[in-house]
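First the structure, in the form of structure tokens, and then the observations on it.
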Amino acid sequence: MLIPFSMKNCFQLLCNCQIPAAGFKKTVKNGLILQSVSNDVYQNLAVEDWIHDHMNLEGKPVLFFWRNSPSVVIGRHQNPWQECNLNLMREEGIKLARRRSGGGTVYHDMGNINLTFFTTKKKYDRMENLKLIVRALNAVQPQLDVQATKRFDLLLDGQFKISGTASKIGRTTAYHHCTLLCSTDGTFLSSLLKSPYQGIRSNATASIPSLVKNLLEKDPTLTCEVLMNAVATEYAAYHQIDNHIHLINPKDETLFPGINSKAKELQTWEWIYGKTPKFSINTSFHVLYEQSHLEIKVFIDIKNGRIEICNIEAPDHWLPLEIRDKLNSSLIGSKFCPTETTMLTNILLRTCPQDHKLNSKWNILCEKIKGIM
Amino acid sequence: MAAVRMLRTWSRNAGKLICVRYFQTCGNVHVLKPNYVCFFGYPSFKYSHPHHFLKTTAALRGQVVQFKLSDIGEGIREVTVKEWYVKEGDTVSQFDSICEVQSDKASVTITSRYDGVIKKLYYNLDDIAYVGKPLVDIETEALKDSEEDVVETPAVSHDEHTHQEIKGRKTLATPAVRRLAMENNIKLSEVVGSGKDGRILKEDILNYLEKQTGAILPPSPKVEIMPPPPKPKDMTVPILVSKPPVFTGKDKTEPIKGFQKAMVKTMSAALKIPHFGYCDEIDLTELVKLREELKPIAFARGIKLSFMPFFLKAASLGLLQFPILNASVDENCQNITYKASHNIGIAMDTEQGLIVPNVKNVQICSIFDIATELNRLQKLGSVGQLGTTDLTGGTFTLSNIGSAIPRFNQKGEVYKAQIMNVSWSADHRVIDGATMSRFSNLWKSYLENPAFMLLDLK
């Protein structure tokens with residue numbers, strides 16, 4: 001049941017509920033089911049941050065449903081260059097987000113449901129949440145063979161992954177979120193989550209690719225709406241609360257004071273790319289120039305998303321040493337980003353002698369380098 | 001946490017009451033020099049703290065505590081350290097984030113249990129850390145007064161805030177908590193402390209703020225259960241003078257990196273060339289009318305028509321009359337090259353900063369061709385996908401700002417005119433002021449009377 005509801009009263013009731021002193025014991029069950037009206041991955045992640053930071057979840061767990069327009073979401077300690085095809089994402093206008101929880105990379109679109117279970121740190125229990133989802137699915141479709149694995153995945157028919165899990169644990173609160181594949185574009189998913197970048201050496205958390213399947217393919221009655229309602233019903237029954245899904249707007253500052261700045265932070269380059277653990281690239285590419293083949297070797301170390309060490313080696317007869325050295329030294333400190341590199345190399349070109357041949361070599365080299373960013 | 005107990009003894013000295021602090025650790029009593037004297041019954045007494053107090057506070061150092069990695073839940077015994085938020089020597093407050101660890105898809109933020117200074121980190125990045133084993137060493141603060149705050153700020157201004165006597169004692173709060181209170185213009189005397197000995201904690205400030213703003217902030221579980229300490233009967237109300245906020249920011253020096261470094265190089269090179277500027281105002285009223293007429297036709301062809309195509313074409317026509325403006329000199333000023341192509345650049349403001357893509361060969365483009373090309377460049381520019389060819393090879397650049405202001409027409413009536421300010425800058429070694437102004441006037445005449453463009457259109 002979806003009821004647009006003024007959340008102000010409801011939230012204040014939950015958040016400002018002060019337990020009177022002198023041994024009052026809470027026996028009344030409480031809890032909340034929310035659904036976001038936004039499909040913006042950054043805003044929805046900001047809601048998670050906000051609830052995690054500001055809500056008192058003692059005896060009041062929260063379930064949050066959200067869906068995003070096409071986006072790739074990497075885990076807190078992952079390397080986007082290693083996990084997905086950034087060039088393809090830029091071409092197709094797919095957003096990249098880094099969440100605060102751990103785990104691997106996922107592709108979200110409107111055919112994927114995200115569920116977040118918020119509890120106190122003490123009540124954090126991922127398996128319990130997954131069992132709840134399985135019960136909900138079986139309530140709608142008793143024949144469905146869905147099992148939770150030890151790695152907290154949900155498998156359909158023992159082999160297809162329909163859900164992946166990640167979580168965030170703070171000082172007093174925690175959340176466990178997971179996906180639920182309903183009707184996602186599987187082909188697109190595969191191409192986006194395949195990194196074309198070679199020679200990356202990194203200690204970042206690596207994703208484990210799995211064979212996936214949509215629940216809708218298995219059973220056409222299992223739409224996103226049906227699934228969300230099923231899980232909400234099971235959650236309400238389990239926590240003995242009203243089966244009401246409250247719609248919330250992640251942009252509402254009166255409901256969530258300070259949320260817009262949380263959303264903004266999630267979109268900064270420093271968060272998305274800058275938080276990548278230190279890594280290095282050791283690769284080479286071949287260039288065809290006037291019927292001769294050249295090999296250009298690249299050794300780059302990147303820390304906080306910026307180039308720390310840069311060694312691009314091109315044959316001396318092709319590109320003068322000073323030009324090559326100028327390029328290497330200028331790239332140090334620069335963001336490992338094609339746009340910034342374009343601007344940098346164009347500015348540098350103006351300080352080089354205006355030689356048509358040199359210009360074209362420079363352009364070829366720079367295009368190749370940007371291709372690995 | 002090591003047992004740290006404070007004893008206060010009283011002694012009479014020359015008619016005044018002096019409070020001397022003793023410091024007891026693990027059974028040994030160290031008698032230390034008093035670092036302050038408090039005078040009772042003088043609530044408005046203002047005390048000045050010169051900087052030299054820093055030396056004596058060093059003698060009051062607290063205990064070094066081993067902060068162990070606490071239980072994370074779900075029977076997790078080991079985690080990987082992924083990011084440190086602090087380094088050795090940093091000061092932390094209770095609840096500040098210390099590090100981020102990961103265990104089996106869970107990212108965990110470890111927060112400090114104590115106030116103090118980080119003395120040692122037990123793990124490097126990507127090391128495995130064990131629950132129950134030491135994570136960091138923290139040197140906890142003794143419950144000092146706020147003298148050590150006086151490092152950056154002039155002594156006098158700190159007094160009112162720090163020497164507040166409630167309940168006949170100093171307000172107890174750590175420097176971090178005092179800073180938080182100061183930033184929010186909160187009088188410590190009005191905040192009820194819920195910590196030991198009525199100490200004001202960070203949460204007390206947050207609760208106070210919540211009551212003030214009515215914001216939905218978390219009441220900490222601790223505060224919910226504990227009733228506030230009772231106020232004493234003989235509370236002396238301090239006289240607080242409001243003072244201007246004190247700026248304690250520090251200058252930050254960092255090396256110029258990457259993109260900025262390259263900019264410095266080219267700009268310094270550019271500075272060696274003598275430049276001069278020339279400004280003018282263009283009345284766009286006629287052009288606005290023309291554009292209104294042509295906009296729907298362009299739209300029907302799938303193109304957004306702005307003013308830029310007209311500016312570019314007019315500039316190109318002008319360059320045909322004054323080819324020297326589309327030329328470049330070599331480094332030694334020996335040779336001048338008159339470029340055949342009019343590759344006119346337009347400055348674009350993007351997230352990455354200012355970029356200047358150019359439209360190639362404007363001299364052979366129609367206004368519609370230019371508009372199409374600009375649409376393409378703008379679309380690529382907005383997603384950061386401009387290619388090298390688009391960004392190089394420019395021979396001439398335009399950037400503009402516009403506004404609508406009142407003007408008088410021939411009849412002396414006031415009408416709203418669209419006025420645009422334009423400024424040109426040229427290399428004075430090759431271009432003289434007269435040539436520049438003639439070009440600008442020609443350009444201006446094309447735009448103020450678009451029909452003129454038709455006459456010279458190539």
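Chain identifiers are assigned alphabetically (A, B, ...) following the order of the sequence lines, protein sequences preceding nucleic acid strands; residue numbering begins at 1 within each chain.
- For I72(B), the parts sitting under 4.5 Å from any heavy atom of chain A are the backbone and the side chain alike.
- If you measure heavy-atom distances from R76(A) to chain B, the contacts under 4.5 Å come from the side chain alone.
- The greatest number of non-hydrogen atom pairs below 4.5 Å with chain A, out of I110(B), T80(B), T111(B), L125(B), is found for T111(B).
- Looking at T109(B) and E100(B), their side chains do bring a donor and an acceptor atom within 3.5 Å of each other.
- Ion pairing of K278(A) with E308(A) is present here, as a side-chain N (NZ or NE/NH1/NH2) and a carboxylate O approach within less than 4.0 Å.
- Neither the backbone nor the side chain of K122(A) comes within contact range of chain B, judged by heavy atoms closer than 4.5 Å.
- For chain A, the nearby parts of D104(B) are the backbone and the side chain; heavy atoms of each come within less than 4.5 Å.
- Seen from the ring of F67(B), R113(B) does not count as a face-on cation partner, given the 6.0 Å and 45° thresholds.
- Heavy-atom distances place the side chain of L349(A), and not its backbone, under 4.5 Å from chain B.
- Salt bridge E83(B)/K275(A): present, at least one basic N to carboxylate O contact under 4.0 Å.
- For K95(A), the NZ atom counts as densely surrounded, since its 6.0 Å shell holds more than 12 non-hydrogen atoms of other residues, nucleotides or ligands.
- Only the side chain of K121(A) comes within contact range of chain B, judged by heavy atoms closer than 4.5 Å.
- Only the backbone of R100(A) comes within contact range of chain B, with heavy atoms under 4.5 Å apart.
- Using cut-offs of 30° and 60° for the angle between ring planes, the F256(A) and W50(A) rings count as perpendicular.
- Salt bridge annotation for D355(A)-K361(A): absent, with no cationic side-chain nitrogen under 4.0 angstrom from a carboxylate oxygen.
- For chain B, no part of T341(A) is nearby; none of its heavy atoms comes within less than 4.5 Å.
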